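Here is how names work: the chains are called A, B, and so on, in the same order as the sequence lines, proteins then strands, and each is numbered from 1. The structure presented is a predicted model; accordingly, all values stated were derived computationally and were not measured.
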Amino acid sequence: MEPVLDHRWDLTPKEAIALQKQLAGRVSLRKEFGRLRTVCGLDVSYDKTSDRFYAVAAVLSYPDLKIVEISQAAARSPFPYVPGLLSFREIPVAREALAGLQTLPDLLVCDGQGYAHPRRFGLACHLGVLYDRPSIGAAKSRLCGEFKEPKSEKGSWTWLLGDGEKIGQVVRTRTGVSPLFISPGHRVDFHTARKIVLSLCPKCRLPETTRLAHQEVNRLRREMNAR
DNA sequence: GCGACAG
DNA sequence: ATCTTGTCGC
């Protein structure tokens, strides 16, 4: 799959922030897709010894969650890790993995925030807008916003609020585990984003898409590192 | 000034 | 993210 929009990536943090504010205006928080047939999970792994990034895009069938296709890529890290600017560090590698896909997935599930971001433009929004594709952010921890702890039972959830606005949902994807921070990326609403992520978590805390992409990208990194 | 801070 | 194995518990 190819982006429908692109921009420079060799930016300074200040320029990156200005670009986020500009692109944030393109995000849609409405559900703009029909029946899901394929869902793509993305994950990036970093090897500090070689300063290299590895990315994996794993496409699963939906709702049976069987692996349909896996694409991988490697690249040098172009941007430092700055809270709030993660997409500028991970998308350059991720897009190479996405470029290798034969399947055009109906939805992208990202390992990070979507709308639940200081400028409402997290990794999932950024990818969704560049590809003009439905996307959801499912992060393991909070970047910003306040929330009340949801009940411990699977499916329980609370709103994540930022500046008095609903920016995401804190969701218990398994009973007794720490919650996931779910927010829309692009072309999806809060309710649908939460429901879909829960349907992607039949046995683990993380969505099968993310879990499998994570497993594959780590296998790839160790394999390349052993050469 | 101080603490927080996706991966 | 990465550094790292086994172990306790449902």
Please report, rounded to the nearest Å, how far the [atom2] atom of [N] is from the [atom1] atom of [X].
X	N	atom1	atom2	result
A/R221	C/dT2	CZ	P	5 Å
A/I91	B/dG7	CD1	P	15 Å
A/L127	B/dA6	CG	C1'	13 Å
A/F79	B/dG7	CZ	P	17 Å
A/H117	B/dG7	NE2	P	13 Å
A/D51	C/dA1	CG	P	17 Å
A/R174	C/dC10	CZ	C1'	11 Å
A/E90	B/dG7	CD	C1'	5 Å

Does [X] reach a base, just sugar-phosphate, or nothing at all? Heavy atoms under 4.0 Å.
X	answer
A/R222	nothing
A/N218	sugar-phosphate
A/L85	base
A/G176	nothing

- [ ] Examine distances only and state if a side-chain atom of A/E69 and a backbone atom of A/T103 form a donor-acceptor pair shorter than 3.5 Å.
- [x] yes

For [X] and [N], is the shortest distance between a side-chain N/O and OP1 or OP2 below 4.0 Å?
X	N	answer
A/S45	B/dG7	no
A/Y46	B/dG7	no
A/R142	B/dC5	yes
A/K48	C/dC3	no
A/T49	C/dT2	no

Open item on the list: If you only use heavy atoms from C-beta on, which nucleotide in B/dG7, B/dA6, C/dA1 is closest to the side chain of A/D43?
Closed with: B/dG7

Open item on the list: I'd like to know if A/D132 and A/R187 make a salt bridge, using a cut-off of under 4.0 Å between side-chain N and carboxylate O.
Closed with: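 Looking at A/D132 and A/R187, the cut-off is met.
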
- [ ] Would you mind checking if A/E165 and A/R120 are paired as a salt bridge, meaning a charged N to carboxylate O distance below 4.0 Å?
- [x]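 Salt bridge: yes.
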
TODO: Answer yes or no for this row: A/Y81 ring on C/dA1 base, centroids under 5.5 Å, planes under 30°.
DONE: no

TODO: Run the numbers on A/H126 and A/F88 for ring-ring contact (aromatic ring centres under 6.0 Å, His included), then give the verdict.
DONE: CA-CA 9 Å; A/H126 202 153; A/F88 291 89; 5.2 Å; yes

Open item on the list: When you compare the side chains of A/N218 and A/R221, does any donor N or O come within less than 3.5 Å of an acceptor on the partner?
Closed with: yes

